[in-house]
There are 2 protein chains.
Amino acid sequence: MKLFGEIIKEKREEKGLFLRQVSALMELDQAIISKLERQERKASREQVLKFAEIYDLNPDDLIISWRSDKVAYELMNEENAEQILKVAETKVKYLKKK
Amino acid sequence: MKLFGEIIKEKREEKGLFLRQVSALMELDQAIISKLERQERKASREQVLKFAEIYDLNPDDLIISWRSDKVAYELMNEENAEQILKVAETKVKYLKKK
DNA sequence: ACTGATTTGACTATTTTTGTCAAATCAATT
DNA sequence: AATTGATTTGACAAAAATAGTCAAATCAGT
């Protein structure tokens with residue numbers, strides 16, 4: 001189970017690309033990409049999809065990774081994180097119906 | 001399973017308080033409290049704890065309700081919400097260790 | 001030490017969130 | 001249907017969080 005940043009870093013290296021090059025492809029400053037790879041900043045949904053495109057990754061899988069990271073970081077300092085997630089699951093189902 | 005806003009609204013009514021009065025106790029505009037009760041705005045952690053105090057609710061339980069709401073609202077429009085939550089659970093455990 | 005890649009941090013711009021306020025709406029009562 | 005009091009709404013401003021730009025610093029290999 002890898003974090004989003006780890007995935008896009010590994011994939012970039014697999015493809016043998018430099019930040020500079022990805023930067024050009026994404027039209028995004030390389031400093032930011034560096035930060036995304038080290039989980040220092042959160043990507044936007046559009047950026048995630050762009051990464052999926054560039055690196056030939058399944059967009060849904062990448063979105064799941066990105067999103068779950070976000071939730072996990074939000075809750076990592078929370079006392080009852082696990083319980084919160086359980087309750088959230090019920091609530092999501094409930095809210096989706098509405 | 002009630003949403004945070006529903007809980008604080010019900011409790012207020014149980015105690016027979018008007019928004020105006022809660023507003024005074026919380027030192028917070030009644031318009032905002034109205035919005036919190038209808039889930040139109042998100043409370044801050046301090047506000048949640050203040051509510052727990054005023055309404056004699058278990059702070060941890062209220063935090064869980066508030067936090068899980070937040071997560072659920074974030075994910076309610078997400079295709080793979082359930083999977084995201086599952087992965088997030090693993091990641092939380094992993095991040096907590098670090 | 002030199003080169004090229006990555007990381008860092010200061011800065012600005014943009015977006016999002018928060019609270020204030022007054023007016024509008026709603027519900028009950030007369 | 002007019003009055004009263006409670007709640008809701010929406011426009012606005014202040015404050016906080018987030019996003020991107022840039023240049024300099026660091027790092028790794030030769």
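Proteins get letters first, then strands, A, B, ... in listed order; numbering begins at 1 in each.
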Original post:
Angle, rounded to 10°, between the helical axes spanning five pairs at each terminus of the helix from C:dA1-D:dT30 to C:dT30-D:dA1?
Top reply: 40°
Subject >> Minimal non-hydrogen separation, B:Pro59 against B:Leu49, with atom names >> reply: CB-CD2, 4.0 Å
Subject >> In one Ile/Leu/Val/Met/Phe/Trp/Tyr side-chain cluster, 4.5 Å: A:Val48, A:Leu3 >> reply: no
Original post:
Using a heavy-atom cut-off of 4.0 Å to chain A, what are the terminal contacting nucleotides of DNA chain C, in 5' to 3' order?
Top reply: C:dA5 to C:dG9
Distances under 3.5 Å only, N/O to N/O: pair up the protein atoms with those of nucleotides 12-20 of chain D.
{"from": "D:dG20", "atom 1": "OP1", "to": "A:Gln47", "atom 2": "NE2", "distance (Å)": "3.4"}
{"from": "D:dG20", "atom 1": "N7", "to": "A:Arg41", "atom 2": "NH1", "distance (Å)": "2.7"}
{"from": "D:dG20", "atom 1": "N7", "to": "A:Arg41", "atom 2": "NH2", "distance (Å)": "3.1"}
{"from": "D:dG20", "atom 1": "O6", "to": "A:Arg41", "atom 2": "NH2", "distance (Å)": "3.1"}

Subject >> First encountered from the 5' end of DNA chain D, between B:Ser34 and A:Glu27 >> reply: B:Ser34
Original post:
Which heavy atom in A:Ser44 sits nearest to a heavy atom in A:Trp66, and how many Å separate them?
Top reply: C-CZ2, 3.9 Å
Subject >> Shortest non-hydrogen contact from B:Gln47 toward B:Met26 >> reply: O-CE, 3.9 Å
Subject >> Residue pairs passing the ring pair (Phe, Tyr, Trp, His ring centres under 6.0 Å) test where at least one lies in residues 8-54 of chain B, sequence neighbours excluded >> reply: B:Phe51-B:Tyr55
Subject >> Sub-4.5 Å side-chain heavy-atom contact between B:Arg45 and B:Arg67 >> reply: yes
**OP:** Please examine the side chains of B:Glu89 and A:Lys86, heavy atoms only from C-beta on, and report whether any two atoms are closer than 4.5 Å.
**Re:** yes
Original post:
Transitively linked via ILVMFWY side-chain contacts under 4.5 Å: B:Phe4 with A:Leu85?
Top reply: no
Subject >> Residue pairs fulfilling side chain to side chain donor-acceptor pair (under 3.5 Å) with at least one residue in residues 9-25 of chain A, sequence neighbours excluded >> reply: A:Lys11-A:Glu14, A:Arg12-A:Glu37, A:Lys15-A:Asp56
Original post:
Tell me, do A:Asn80 and B:Ile63 make a side-chain contact under 4.5 Å, heavy atoms counted?
Top reply: no
Subject >> Validation row: B:Leu75, A:Leu95 side chains within 4.5 angstrom (heavy atoms) >> reply: no
Subject >> Hydrophobic cluster identity match, B:Tyr73 and B:Ile8, side-chain contacts under 4.5 Å >> reply: no
**OP:** For DNA chain C, find the residues of residues 10-19 of chain A with a heavy-atom distance under 4.0 Å and give them by number; none if there aren't any.
**Re:** A:Arg12, A:Phe18, A:Leu19
